[in-house]
Amino acid sequence: IYQDKPLLLMATSVGARGGQNALKIASEAAPFFGGKLAGTFNFGPFSEHFDVETGTLKTPDLADDMRAALKAFHAQVIG
C-alpha cells in the first residue's frame, strides 16, 4: 500500500491517551504494508492542547515534540 514511502503517523483524541492505542496498532502494521516509519506523534485530550481559533498547539512541550517528529520525517524523506 505505502510502496516503501516514509510515514509520520499522528493521532489525537478527546481522551487523555491521545489516540495512543490506534497509533500503536498503525505503527506496528505499517511495515507490513510497505511503510517506512519515520516517527509518531500523539496528544490528548485534543481540546486541552489545541487552540481551534489559532490552529496551533497550546502546550509548548507538545509543539516541540511535534517539530522533532516532523524534522525526523523530513530527514527520512530528503535522505
Side-chain angles (χ1 to χ4, degrees):
I1 294 172
Y2 299 116
Q3 302 174 358
D4 294 321
K5 291 191 169 65
L7 303 173
L8 171 60
L9 300 178
M10 304 172 81
T12 188
S13 71
V14 296
R17 293 184 56 139
Q20 188 174 0
N21 291 335
L23 191 60
K24 181 179 186 288
I25 292 166
S27 296
E28 291 172 354
F32 293 104
F33 296 102
K36 294 182 178 179
L37 190 59
T40 61
F41 173 74
N42 68 346
F43 69 96
F46 181 83
S47 61
E48 186 177 313
H49 296 291
F50 191 79
D51 185 335
V52 177
E53 290 181 20
T54 63
T56 60
L57 287 171
K58 296 190 264 186
T59 311
D61 290 344
L62 283 176
D64 290 342
D65 291 346
M66 186 173 75
R67 282 186 201 94
L70 288 167
K71 185 176 180 180
F73 175 69
H74 183 263
Q76 189 166 339
V77 170
I78 298 303

Engineer: Are F50 and M66 connected in a single hydrophobic cluster, I mean Ile/Leu/Val/Met/Phe/Trp/Tyr linked by side-chain heavy atoms less than 4.5 Å apart?
Structural biologist: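 Yes: a chain of side-chain contacts under 4.5 Å links M66 to F50.
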Engineer: Can you list everything that forms a ring pair (Phe, Tyr, Trp, His ring centres under 6.0 Å) with F73? Sequence neighbours excluded, please.
Structural biologist: none
Engineer: List for me each residue that meets salt bridge (Lys or Arg N to Asp or Glu O under 4.0 Å) alongside E53, sequence neighbours excluded, and say none if there are none.
Structural biologist: none
Engineer: Using 0.5 Å steps for rounding, measure from the CG atom of L62 to the OG1 atom of T56.
Structural biologist: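 Taking CG in L62 and OG1 in T56, the distance rounds to 12.0 Å.
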Engineer: If every non-hydrogen atom of K58 is compared with every non-hydrogen atom of S47, which pair is closest and at what distance?
Structural biologist: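 Smallest interatomic distance, heavy atoms only, reads NZ-O, 3.4 Å.
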Engineer: Table please: side-chain donor-acceptor pairs of residues 8-34 below 3.5 Å, with sequence neighbours left out.
Structural biologist:
unit_1, atom_1, unit_2, atom_2, d
T12, OG1, F43, O, 2.6
S13, OG, G15, N, 3.2
S13, OG, G15, O, 3.4
S13, OG, G19, N, 3.2
R17, NH2, N21, OD1, 3.1
K24, NZ, E28, OE2, 2.8
S27, OG, L23, O, 2.8

Engineer: Taking atom NZ of K71 as the centre, does the number of heavy atoms from other residues, nucleotides or ligands within less than 6.0 Å exceed 12?
Structural biologist: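 No, NZ of K71 has 12 or fewer neighbouring heavy atoms, counting only those of other groups under 6.0 Å.
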Engineer: Examine distances only and state if a side-chain atom of H49 and a backbone atom of L57 form a donor-acceptor pair shorter than 3.5 Å.
Structural biologist: no
Engineer: Compare every heavy atom of A72 with every heavy atom of A38, then report the nearest pair and how far apart it is.
Structural biologist: O-CB, 4.0 Å
Engineer: Roughly how far apart are T59 OG1 and D51 CG, rounded to 0.5 Å?
Structural biologist: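 The OG1 atom of T59 sits 10.5 Å away from the CG atom of D51.
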Engineer: Identify the two heavy atoms, one from P6 and one from V77, that lie closest to each other, and give their separation to 0.1 Å.
Structural biologist: CG-CG2, 3.8 Å
